[in-house]
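A short write-up of the structure that comes next.
In this text, all values refer to a predicted model and were calculated from it rather than measured experimentally. All chains are named by letter (A, B, ...) in the order of the sequence lines, taking the proteins before the strands, and each is independently numbered beginning at 1.
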2 protein chains.
Amino acid sequence: MSLRLQAHLGTLRQMEILLAVYDSGSVSGAAETLHLTQPTISMQLKKLADVIGFPLYNIVGRKVVFTEAGLEVVKSATEILDSFARLEMSLSDMGELKSGTLRLAVVTTSKYFIPHLLGPFCERYPNVAVQLNVGNRQQIIERLKQGIDDFYVFSHPPADLNTESIEFFNNPLVAIAQENHPLVSQDGVSLAELCEAPFLMRENGSGTRLAIERFMAKQGVKLNVKMTIESNEAIKHSVMSGLGVSILSAHTLAFGGNTGLAQLNVKELPINSNWYFLWLKSKRPSAIAQAFLTHVESEGREMLLTELAKHKL
Amino acid sequence: MSLRLQAHLGTLRQMEILLAVYDSGSVSGAAETLHLTQPTISMQLKKLADVIGFPLYNIVGRKVVFTEAGLEVVKSATEILDSFARLEMSLSDMGELKSGTLRLAVVTTSKYFIPHLLGPFCERYPNVAVQLNVGNRQQIIERLKQGIDDFYVFSHPPADLNTESIEFFNNPLVAIAQENHPLVSQDGVSLAELCEAPFLMRENGSGTRLAIERFMAKQGVKLNVKMTIESNEAIKHSVMSGLGVSILSAHTLAFGGNTGLAQLNVKELPINSNWYFLWLKSKRPSAIAQAFLTHVESEGREMLLTELAKHKL
DNA sequence: TCCATATATAGATTTTTATCTATATAAAAA
DNA sequence: TTTTTATATAGATAAAAATCTATATATGGA
């Protein structure tokens, strides 16, 4: 590490000049290609030779003959300027969205619709890689705090962080039961009836649970929680097998399959919540992130709603 | 090529600073390791970001989170500073003669003794490579003009070039004949007798021929040149087989074998000439070249004379 | 030998770089 | 909320880099 304190010999300009002399085979030739005067070249290379500690070349007759040390420096200079050239290319590709990565972190429930949003985006920007991270609300908040990703998708964004967000679209939470459950055939189900049935709840930290708890508290009722289950899929299968009823995002059913399940016609439901796209105020969005946000707000939202209509319960 | 006109983004110092931030994970941490103030770091990286065209990092909470562009620059900066580190090592090795090449160009005749000089040198500097070029006088002069090698060995250096030289040691030219040639048994051979015998001469441009011709012109006699032969070895074998007599460097016999040959006892001979080590005044000697010259002038000459005594005809 | 060509040196000047101090701002921790 | 910690910004300055013009020097060729 300490080597890096003064880890260079000469300046980049001197490297450029050296290569020009090497390429043209003469000092004045280099001066011409670089649009400089001849003494400038001589002077700069003399300075370079000083810090290198060896002469870089000799003038023999009228030709420039490089010393062994000079050739070593030429080799390094080539490597170095090549490295810059590569960097310039990578950066230019990034600017034109010809390369780069979009990083998303989404809560579990949203994994049902996010892929439908990403599909068209990837088609439009074929050279952009997408890294999708799925976790529960708590895990995604952790990533958000650490500023790892470009965007975060929540239904219930944390309030205490310095973020910006857009409301993406409605995330109705509906009550479900096994398709031949007695409540299903009922014309209208009251909240009280729902509360009597054994209820399958998401784990602590889940956004869905948060929404359900707030809603029930507001309504002044209490659910009969029988089990806590960490996944929407597992809840769906448990409901199918008659273990109990539950409340889930309608999208879980629309995009994730719903055979053997039926929605309950509860007057107070669905619970209205929303999907949000969130990002840190302090993190300036990359070009790719901006492109994605634009995509989401224009085509993305529309396409998804169309898609959703097809899968309507 | 034209890319090289302005082929760099940022300065080397900025690269160093960027890596310090990357390594320490914070701006002020980098300031500490580099013994700078914190604003210096912020400012330099801001400038770097300006020429790069993208932000290099975001501050999230208290941590520095690099952007994709920032990571690209870190990658290049690492490559570049590594390249400098390698260069520094190569140069340091050269300075300590731990690496490098000694380039010699010698005329054909000297190839008999030069290896005996190089042997001990290579032993002493085991990491120095030696490149030995053997050619006739004209070819070696050509290389000298082009400044290709560190040293040149001649018996008859060209006078018109701007060179420096040291007289290395005596190069006596002696007359030889087949061992049962009538002149061999003779007590003393006159120049006239030598001139009558069929003479095998080196080709035009040979230093040996030059010396012989000058000598004979000075003595006012003319040789009976029967054949021109381009190699000392071929002349020796021709003399052995009785084709004629010749005049050769005694070293050709001492180091190159002399079975079947005998030296003629000519009063006016040997022709006295010398071996010279030559180099271009305009070409500053490399560290290796200096070491070689020192070696030659001290041990080298002595060792060779000792060696020569062992092989005495 | 003289001329043309190529390079080096000297001295001056303009930019750019590198760095500082003082201060503002933002976020985490107490 | 206040304090502490970390970073950014502004303005100033010293050092160095980059470049020029004018001139000296060395070499090859006419």
Side-chain angles (χ1 to χ4, degrees), chain A residues 5-6 8-18 20-21 24-32 34-51 55-66 70 144-147 158 160-163 280-284, chain B residues 5-6 8-18 20-21 24-32 34-51 55-66 70 141-142 144-147 158 160-163 280-284:
Chain A
L5 273 171
Q6 193 63 19
H8 60 251
L9 300 164
T11 69
L12 289 173
R13 187 57 170 159
Q14 285 163 357
M15 297 290 151
E16 290 172 348
I17 290 175
L18 180 70
V21 171
S24 74
S26 84
V27 172
S28 43
E32 195 168 339
L34 295 177
H35 307 297
L36 297 172
T37 61
Q38 168 267 315
T40 301
I41 311 292
S42 294
M43 177 63 76
Q44 287 302 323
L45 293 187
K46 188 182 144 83
K47 279 189 193 169
L48 180 57
D50 283 350
V51 297
L56 302 173
Y57 59 86
N58 292 282
I59 300 295
V60 175
R62 293 194 164 178
K63 281 214 234 23
V64 171
V65 178
F66 278 79
L144 170 61
K145 277 186 186 162
Q146 291 182 33
D160 54 337
L161 296 170
N162 203 347
T163 59
L280 281 174
K281 246 185 210 161
S282 58
K283 190 168 171 180
R284 204 173 107 186
Chain B
L5 272 170
Q6 192 63 19
H8 60 249
L9 300 163
T11 68
L12 289 173
R13 186 58 170 160
Q14 285 164 356
M15 298 289 152
E16 290 172 348
I17 290 175
L18 180 70
V21 171
S24 75
S26 84
V27 173
S28 44
E32 196 168 340
L34 295 177
H35 308 296
L36 297 172
T37 61
Q38 168 267 315
T40 301
I41 310 292
S42 294
M43 177 63 77
Q44 286 302 323
L45 293 187
K46 188 182 144 83
K47 278 188 192 170
L48 180 57
D50 282 350
V51 297
L56 301 173
Y57 60 87
N58 293 281
I59 300 296
V60 175
R62 294 194 165 179
K63 281 213 232 29
V64 171
V65 177
F66 278 79
I141 288 177
E142 200 44 52
L144 170 60
K145 277 186 185 163
Q146 291 183 33
D160 54 336
L161 296 170
N162 203 348
T163 59
L280 281 175
K281 245 185 212 161
S282 58
K283 191 168 171 181
R284 204 172 107 185

Quantified as the angle between the terminal helix axes (five pairs each), what is the overall bend of the helix from dT1(C)-dA30(D) to dA30(C)-dT1(D) to 10 degrees?
->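 Answer rounded to 10°: the end axes differ by 30°.
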
Taking for each residue the nucleotide of DNA chain C with the nearest heavy atom, is it Lys145(A) or Lys63(A) whose nucleotide lies nearer the 5' end?
->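 Its nearest nucleotide being more 5', the pick is Lys63(A).
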
Measure from [atom1] on [X] to [atom2] on [N] and round the result to the nearest Å.
{"X": "Ile41(A)", "N": "dA18(D)", "atom1": "CD1", "atom2": "C1'", "value": "11 Å"}
{"X": "Glu32(B)", "N": "dT7(D)", "atom1": "CD", "atom2": "P", "value": "12 Å"}
{"X": "Gln38(A)", "N": "dT19(D)", "atom1": "CD", "atom2": "P", "value": "14 Å"}
{"X": "His35(A)", "N": "dC20(D)", "atom1": "NE2", "atom2": "P", "value": "11 Å"}

Indicate yes or no for a side-chain donor-acceptor contact from [X] to the backbone of [Y] under 3.5 Å, with no hydrogens or angles considered.
{"X": "Gln44(A)", "Y": "Ile41(A)", "answer": "no"}
{"X": "Ser24(A)", "Y": "Ala20(A)", "answer": "yes"}
{"X": "Gln14(A)", "Y": "Thr11(A)", "answer": "yes"}

Under 4.0 Å between any heavy atoms, over every strand shown, what does [X] touch: base, sugar-phosphate, or nothing? Just pick one.
{"X": "Thr11(A)", "result": "sugar-phosphate"}
{"X": "Lys46(B)", "result": "sugar-phosphate"}
{"X": "Ser42(B)", "result": "base"}
{"X": "Leu36(A)", "result": "sugar-phosphate"}

Nucleotide nearest Arg62(B) when distance is taken to its side chain, options dT7(D), dT19(D), dA6(D) =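 Of all the options, the side chain of Arg62(B) is nearest to dA6(D).
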
What I'd like to find out is whether the side chain of [X] reaches to under 4.5 Å of the side chain of [Y], using heavy atoms alone.
{"X": "Ile17(A)", "Y": "Arg13(A)", "answer": "yes"}
{"X": "Asn162(A)", "Y": "Leu280(A)", "answer": "no"}
{"X": "Leu48(A)", "Y": "Leu56(A)", "answer": "yes"}
{"X": "Ser26(B)", "Y": "Val21(B)", "answer": "no"}

Of Ser26(B) and Ile17(A), the one whose closest DNA chain D nucleotide lies more 5' =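 Closer to the 5' end of DNA chain D: Ser26(B).
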
Residue closer to the 5' end of DNA chain D, Pro39(A) versus Gln14(A) (nearest nucleotide) =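 The answer here is Gln14(A).
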
Any luck finding a side-chain donor-acceptor pair between Gln38(B) and Ser42(B) under 3.5 Å?
->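 Yes, side-chain donor-acceptor contact under 3.5 Å.
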
Audit row: Asn58(A), Phe66(A), side-chain contact (heavy atoms from CB on, under 4.5 Å) steps and yes/no = CA-CA 6 Å; Asn58(A) 292 282; Phe66(A) 278 79; over 6 Å; no

Does anyone know the first and last nucleotide of DNA chain C in reach of chain A, 5' to 3', at under 4.0 angstrom to a heavy atom?
->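 Range of nucleotides within reach of chain A: dA4(C) to dA27(C).
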
Within the structure, does a side-chain N or O atom of Asn162(B) lie under 4.0 Å from either OP1 or OP2 of dA26(D)?
->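 No, Asn162(B) has no side-chain N/O under 4.0 Å of OP1/OP2 on dA26(D).
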
Compare side-chain N and O positions of Ser28(B) against OP1 and OP2 of dT7(D) and report whether any pair is under 4.0 Å apart.
->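 Affirmative; the distance criterion is met.
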
